[in-house]
Novice: 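Take this structure, written in C-alpha cells, and hold onto it; I'll ask about it next.
Model, not experiment: these values are computed from the prediction. All values below were derived from every heavy atom in this structure, side-chain atoms included, with hydrogens, water molecules and symmetry-related copies excluded. The chains referred to below are lettered A, B, ... by the order of the sequence lines, with proteins before strands, and numbering in each begins at 1.
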Amino acid sequence: MTSSYIEPKSHLVDLFRQAVRHVAPDSEITIDLERPKQASHGDFACNAAMQLARSLKRNPREVALQIIAALPSSDLVEKTEVAGPGFINVFLKARAKQALAGHILARGNAFGSTDLGRGERIQVEFVSANPTGPLHVGHGRGAAYGASLANVLAFAGYNVHREFYVNDAGRQMDILALSTWLRYLELNGQKIPFPGNAYQGDYVKVMAEGIYALHGDKYARDASHILAGLPDAGTDPESHLDGLIANAKRLLDQDYAYIHGYALEEQLGDSRNDLTEFGVVFDQWFSERTLHDAGLIDRIVADLQQHGHIYEQDGALWFRSTAFGDEKDRVVKRDNGIYTYFAADIAYHINKFERGFSRVVDIWGADHHGYIPRVKGALKAAGQDPERLEVALVQFAVLWEGGQKKSMSTRAGQYVTLRDLRREVGNDACRFFYVLRKSDQHLDFDLDLAKSQSNENPVYYIQYAHARIARVLEAWGGDPADLAEADLDRLEHAQELALLNRLAEFPEICANAAADFAPHSVAYYLKDLAADLHGLYAACQFLVDNEALKLARLALIAATRQVLRNGLTLLGVSAPEQM
RNA sequence: GCCCUUGUAGUUAAAUGGAUAUAACAGACCCCUCCUAAGGGUCAGUUACAGGUUCGAUUCCUGUCGAGGGCGCCA
C-alpha cells in the first residue's frame, strides 16, 4: 500500500514543469502550486499562466489552455480547468487522496518530516536568562518558542543543537552573590541596610538559610565598617552597590567564590529543573566564564585590535562598530579593566562558528534589537560571514491581571514566575498559548483568562480530537494491522475527503514553519485539523456494520491521530488517550 | 530625537503577492435514545488613511495618523 502512494503535489509540480518547458522554453519561472481555499477551485491551483502572460505577450487564459494541452497525462488527475484570471485548477481522483491514510500509518512518527535541511548543523540558542533568580513568564515565551522552533527544524532535516548561554561571569552574578551574603549576615544578627537595587526576592533568603544550615557562621565577617567610604546609596546607588561587592570580595577573600558558586548552582539548577518540567531541554549549557578562563576573549580582542577594529580612548577599549553600520562605537573593555558583556558575546559567537555550526540562530528578547548590528559587525570584523547568524526577536509577553498590566523586575523580586504560571495553567496550555502568537508579535498574556478559562483554551480542542479517536479505536478493539489492509476507496464522504486533504498539507506546513521560523503555523494547522475531525465525528459513524467501510474509516481516523500526535509533539504538548 | 515591532469582525488573532480575507471568543438561534456535547450546525459582523509597484496587494515601497517597546564604560 505504501509503495503505491505517490505524493500528489510534487508529482504535479513535475508535470507542470514539463508542460511549461514545452509552452515557454526560455522562461525561468518556478512552478507554484497552492491549495485553493474553496473546494470548487479544485485540489491544486497553478498560476504559471499568469506569470508567463507578460513575457509571452498573450492572454493568460490562452496560455493556461496551452499549458493544459501540454500537460502529460497522469493517473492521479481527474480533470483540469482554466478559471478566473488564468488559474489552472487541478482536481485529483479520489484514489489519489485515499492512499494517503495508508501512507501516514506506514510512516508513523516520521510523517511530516522532510529533508529540507539536508543534515545541516544549526545551533539554536535560547532562554539564556541570567541565573540570578527564578524564570518568569517572559522567559517562558522564549523557552516555548525556541524549543518548538528547534523541534520544527529537526523535523525538517536539520541537525539541531540546542544551547543555553549561562551568564555566570558578570556583574549581575556579583550582585546576586552580595545579596545572598547580606541576607546570610542578617541571619547572623548583623544589621546592614539591604540595598534597594540588590535582589529582593525571597529565594535569596532561602539560599542564605541554606548556607547557614550547611556551614553555620563560617562565612560571617565583622561587616560593621562595610559601608565606610562608599558613595551614598541614595545619590549613586550603582556605585554604592559596586563598592559593597568590592568590600564583600575583600572581606570574604577565598570564601567569596563559595558564596558566588552556591548562588549560581542554586539558581541554574532551579532554571534547569523548571525548564525540564516544561519540556524544554538543551544539548549544552555554555558557560560564559569558560570564555574568560580559556583566554578566548583576550585572543579575540587582541586579534581585532591588531586589525585596527579596536582603539583606546578614555582608558577603555572601543570596538569601531560604526565601520559596520552601527550608530556608535561600543566599549569592549571598561576603564576598570573588566570586559563588557559585549566582549564576551563577540567571543561566544566566534566560538559558535569555530565549533562547526554552519548556521546559528539566536533567540533574543525584543529589547536586544539594537544589539544586532554590533554583533554582526564584530563577526564581520573577525572574518566571519554575519549572514550565517540569524536573530529571531521575541516580543515581550506583557502580563495582565485584574485588568492591570503587571510590571516585572527581577531585582525587585516582583514578577510571576514561569513555575507559578505552569502550575496555574498547566504545561500543555502554557506551551500552546505561548506559540499561538507569531514570535514578533506582542503577546498580551491575560493571567485571569489563562487561569480561569483554561478549559476553553484551544489546546483542549485539539487534545480532545486525539482522545476521541483513541476512544473509538479502543471501542473497536481490533488489530491495528488490519487497518493497513483497509480498502481505502470506501472513503467517499465529503468530510472524509476534506480531512484527507488537510492531512496531506501537514508536511508542507512543517517545512514552511521551519523555513520561516514560525512554529505558530503548526498550532493553527492543528486547530484546523481538529475541526475537520470533529466535523467528521459529528457527520459519520465509524463503528458501522459494513466491515470494509468501518476499516476504511478507522484507518482514516488512525492516520489523523498520528498527525495530531506528530504536530503536538513538535509543540511540546501531550497527546492524551482520554480526557 | 533615532531605532524595532505593530494597526484586519465588538475582542484576541490567521492568511509563501492570488480567486468570495480565515478562525476562536463575545452576541442571536438550533442539535445528545447515537463511538466523550471539552462536540456539531445556522445567522450577523473586518484589512487605519493616502499614494505607488503588479495581470492581481492584508502582504512589497513611500507618506500621514495611532499603539507598544528599545535606545548606558548595565546585563
Novice: Is A:N89 side chain donor-acceptor paired with the B:A19 base, going by distance under 3.5 Å alone?
Specialist: yes
Novice: Have a look at A:K550 and say if it touches a base, only the backbone sugar-phosphate, or nothing, with a 4.0 Å heavy-atom cut-off.
Specialist: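 Counting heavy atoms under 4.0 Å across all strands, no contact is made by A:K550.
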Novice: Distance-only criterion, 3.5 Å: show the donor-acceptor pairs between side-chain atoms of residues 545-557 of chain A and protein atoms not counting sequence neighbours.
Specialist:
| unit_1 | atom_1 | unit_2 | atom_2 | d |
| --- | --- | --- | --- | --- |
| A:N546 | OD1 | A:A548 | N | 3.1 |
| A:N546 | OD1 | A:L549 | N | 3.1 |
| A:E547 | OE1 | A:K550 | NZ | 3.3 |
| A:R553 | NE | A:E496 | OE2 | 2.6 |
| A:R553 | NH1 | A:Q541 | O | 3.0 |
| A:R553 | NH2 | A:E496 | OE2 | 3.4 |

Novice: Work out how far the C1' atom of B:A24 is from that of B:G18, and round it to whole angstrom.
Specialist: 25 Å
Novice: Ignoring hydrogens and angles, answer whether the base of B:G69 and the side-chain atoms of A:H369 contain a donor-acceptor pair closer than 3.5 Å.
Specialist: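 Indeed, a donor on one side and an acceptor on the other fall under 3.5 Å apart.
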Novice: Does the aromatic ring of A:Y524 sit over the six-membered base ring of B:A14, closer than 5.5 Å centre to centre and tilted less than 30°?
Specialist: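 No; by the centre-distance and plane-angle rule, A:Y524 does not count as stacking on B:A14.
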Novice: Would you tabulate the nitrogen or oxygen pairs shorter than 3.5 Å linking the protein to nucleotides 39-42 of chain B?
Specialist:
| unit_1 | atom_1 | unit_2 | atom_2 | d |
| --- | --- | --- | --- | --- |
| B:G39 | O2' | A:R468 | NH1 | 2.9 |
| B:G40 | OP1 | A:Y461 | OH | 2.4 |

Novice: Please determine if a side-chain N or O atom of A:R334 lies less than 4.0 Å away from the OP1 or OP2 oxygen of B:A75.
Specialist: yes
Novice: Could you work out the separation of B:G17 and B:C74 based on their C1' atoms and round it to a whole Å?
Specialist: 44 Å
Novice: For the P atoms, the ones on B:C25 and on B:U42, what distance do you get once it is rounded to whole angstrom?
Specialist: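 The same atom, P, in both gives a distance of 14 Å.
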Novice: Taking the C1' atom of each, how far is B:G40 from B:A57, in whole Å?
Specialist: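 Rounded to whole Å, the distance is 36 Å.
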Novice: Distance check, C1' atoms only: B:A13 and B:A26, in whole angstrom units.
Specialist: 14 Å
Novice: For the residue pair A:F319 and A:F342, categorise the inter-ring angle as parallel (less than 30°), tilted (30 to 60°) or perpendicular (more than 60°).
Specialist: tilted
Novice: Could you tell me whether A:N130 contacts a base, only the sugar-phosphate backbone, or nothing, with contacts defined as non-hydrogen atoms closer than 4.0 Å?
Specialist: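 Answer is sugar-phosphate: A:N130 comes under 4.0 Å of backbone atoms only.
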Novice: Roughly how far apart, to the nearest Å, are B:U11 and B:U54 at atom C1'?
Specialist: 35 Å
Novice: Hey, does A:R330 reach any base, or is it just sugar-phosphate, or nothing, if we go heavy atoms under 4.0 Å?
Specialist: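 The residue A:R330 makes no contact with any strand.
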Novice: Quickly work out the A:I29 CD1 to B:U54 C1' distance and round it to whole Å.
Specialist: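 Computing the A:I29:CD1 to B:U54:C1' distance gives 16 Å.
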Novice: Taking the six-membered ring where the residue is Trp, are the ring centres of A:Y348 and A:F286 under 6.0 Å apart?
Specialist: yes
Novice: Can you tell me how far C1' in B:U46 sits from the matching atom in B:G52, rounded to whole Å?
Specialist: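 Here B:U46 and B:G52 have their C1' atoms 25 Å from each other.
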Novice: Is a donor-acceptor pair below 3.5 Å formed from side chain A:D367 to base B:G69, judging by atom type as modelled?
Specialist: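 In this structure, the two groups form no donor-acceptor pair.
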Novice: Indicate whether OP1 or OP2 belonging to B:C74 is found under 4.0 Å from a side-chain N or O atom of A:R171.
Specialist: no
Novice: For B:A14 versus B:U59, give the span between their P atoms, rounded off to a whole number of Å.
Specialist: 15 Å
Novice: From B:A38, B:A19, B:C71, pick the nucleotide closest to the side chain of A:E327?
Specialist: B:C71
